[in-house]
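Heads up: numbering here begins at 1 and tracks the sequence.
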Amino acid sequence: MASKLRFALSPISPEKDITTLLLDPKAFKDTIDLFVERYKGENISVVAGIEARGFIFGPPIALAIGAKFVPLRKPKKLPGEVIREEYVLEYGSDCLEMHVGAVNSGERALVVDDLIATGGTLRAAMNLLERAGAEVIECACVIEIPELKGRERLNGKPLFVLVESH
């Protein structure tokens with residue numbers, strides 16, 4: 001996908017790491033601005049960020065579009081009552097949790113993470129939100145690794161990415 005976003009990629013994992021983006025304030029701001037431009041005026045009331053890197057991008061997007069930020073966390077990190085969604089990864093299984101009552105039925109949600117690989121984590125996030133009655137409008141990631149076919153696991157849900165890894 002062509003993008004206005006320009007930043008140097010990490011020499012450690014050049015196509016799959018956001019560290020150099022975060023070290024460049026202009027590139028980081030441009031990234032947030034691209035997401036905000038896409039989602040402002042879309043009547044999104046929930047931005048759900050996946051632990052941990054979704055916590056970097058989600059809150060500034062939520063603030064800019066007037067939505068609440070809902071953290072989706074690994075097990076036993078959230079206090080109080082939670083709902084959970086287990087999912088399979090390429091190397092095992094994991095789980096995401098969300099506070100009960102964080103999302104109300106009928107709310108419009110955006111799921112945010114740094115990267116989509118196999119799509120399991122995004123799918124689990126969508127399942128959590130939909131079980132709570134939210135309508136997931138789209139998933140948004142900075143980077144996509146297309147050869148891992150994660151987009152196919154989203155069951156047709158739109159995915160917006162800024163950079164494709166090759």
Side-chain angles (χ1 to χ4, degrees), residues 1-39 42 44 46-62 64-65 67 69-75 77 84-98 109-131 134-166:
M1 162 176 277
S3 168
K4 296 184 232 172
L5 185 64
R6 303 266 187 259
F7 63 95
L9 295 169
S10 166
I12 298 167
S13 180
E15 298 87 23
K16 302 171 186 79
D17 184 71
I18 60 164
T19 303
T20 53
L21 168 68
L22 300 175
L23 295 173
D24 181 337
K26 181 172 179 355
F28 185 27
K29 181 183 183 318
D30 289 348
T31 300
I32 299 301
D33 289 348
L34 286 167
F35 286 125
V36 169
E37 183 64 31
R38 181 171 180 87
Y39 298 112
E42 293 297 319
I44 291 170
V46 174
V47 175
I50 298 172
E51 187 174 345
R53 293 181 191 99
F55 294 3
I56 296 169
F57 299 98
I61 295 167
I65 66 172
F69 177 73
V70 175
L72 305 180
R73 301 216 53 195
K74 302 294 183 187
K77 301 278 185 165
R84 58 188 291 132
E85 181 75 24
E86 294 186 22
Y87 59 100
V88 177
L89 297 164
E90 59 273 37
Y91 50 83
S93 64
D94 210 339
C95 178
L96 284 178
E97 293 182 342
M98 177 177 73
L110 170 67
V111 179
V112 177
D113 206 356
D114 67 324
L115 178 137
I116 177 170
T118 63
T121 309
L122 283 178
R123 182 71 238 166
M126 290 190 315
N127 288 348
L128 267 178
L129 292 160
E130 289 170 349
R131 283 174 42 208
E135 175 190 1
V136 176
I137 302 306
E138 191 163 80
C139 296
C141 295
V142 178
I143 302 168
E144 177 180 16
I145 306 172
E147 62 269 15
L148 295 180
K149 302 182 186 326
R151 191 179 286 262
E152 294 173 12
R153 294 194 61 193
L154 302 183
N155 297 338
K157 191 61 69 184
L159 170 67
F160 176 67
V161 295
L162 298 178
V163 179
E164 282 186 358
S165 169
H166 298 287

In terms of heavy-atom contacts, Gly150 and Ile116 come closest through C-CD1, 3.6 Å
Does Leu110 form a side-chain contact (heavy atoms from CB on, under 4.5 Å) with Ile137? I'd like the steps, not just the answer. CA-CA 6 Å; Leu110 170 67; Ile137 302 306; 5.9 Å; no
First locate atom CD1 of Ile61, then atom CD1 of Ile32, and finally report the distance between them rounded to the nearest 0.5 Å. 4.5 Å
Smallest separation among heavy atoms of Leu122 and Cys141, with atom names: CD1-SG, 3.8 Å
Distance from Glu130 atom CD to Asn155 atom CG, nearest 0.5 Å? 8.5 Å
Note: Ile143 and Asp17 closest approach over all heavy atoms is CD1-N, 4.1 Å
Decide side-chain contact (heavy atoms from CB on, under 4.5 Å) for Val112 and Ile50; before the verdict, give the C-alpha distance in whole Å, the side-chain angles of both, and the deciding distance to 0.1 Å. CA-CA 6 Å; Val112 177; Ile50 298 172; over 6 Å; no
Taking only Lys NZ, Arg NE, NH1 and NH2, and the carboxylate oxygens of Asp or Glu, determine whether Glu152 and Arg123 approach each other closer than 4.0 Å. no
Do Val161 and Arg151 come close enough that some side-chain heavy atom pair is under 4.5 Å? yes
Cationic N near anionic O, under 4.0 Å, Arg38 to Glu138: yes
Distance (rounded to the nearest 0.5 Å) between Ile65 CD1 and Tyr39 OH: 9.0 Å
Once you round to the nearest 0.5 Å, how far does OG1 of Thr20 lie from CG of Asp24? 8.0 Å
Are Ile18 and Phe57 packed together at the side-chain level, in the sense that at least one heavy-atom pair is separated by less than 4.5 angstrom? yes
side-chain contact (heavy atoms from CB on, under 4.5 Å) evaluation trace for Leu115 with Val142: CA-CA 6 Å; Leu115 178 137; Val142 178; over 6 Å; no
Decide, yes or no, whether a salt bridge links Lys74 with Asp94 under the criterion of side-chain N to carboxylate O below 4.0 Å. yes
Mind checking what makes salt bridge (Lys or Arg N to Asp or Glu O under 4.0 Å) contact with Lys149, not counting sequence neighbours? none
Would you name the heavy atoms of Phe35 and Ala140 that are closest together and state the gap between them? CE2-CB, 3.7 Å
Min side-chain heavy-atom separation Cys139-Leu159 under 4.5 Å: yes
Passes side-chain contact (heavy atoms from CB on, under 4.5 Å), Arg131 versus Met98? Steps please. CA-CA 11 Å; Arg131 283 174 42 208; Met98 177 177 73; over 6 Å; no
Taking every non-hydrogen atom, the tightest pair across Val70 and Val46: CG2-CG1, 3.8 Å
For residues Tyr87 and Ala124, report the shortest heavy-atom separation together with the two atoms involved. CD2-CB, 3.4 Å
Decide if atom CZ of Arg53 counts as having more than 12 heavy atoms of other residues, nucleotides or ligands within a radius under 6.0 Å. no
Going from NZ on Lys26 to OG1 on Thr31, what distance comes out if it is rounded to the nearest 0.5 angstrom? 10.0 Å
Name all residues meeting the side chain to side chain contact (heavy atoms under 4.5 Å, CB included) criterion together with Lys29; count only those two or more places apart in sequence or in a different chain, and write none if there are none. Asp33
Phe160 side chain near Glu144 side chain, heavy-atom distance below 4.5 Å: no
Between CG of Asn127 and CG of Leu96, what distance do you get to the nearest 0.5 Å? 10.0 Å
Between Glu97 and Arg84 (side chain of the first, backbone of the second, donor and acceptor by atom type, cut-off under 3.5 Å), is there such a pair? no
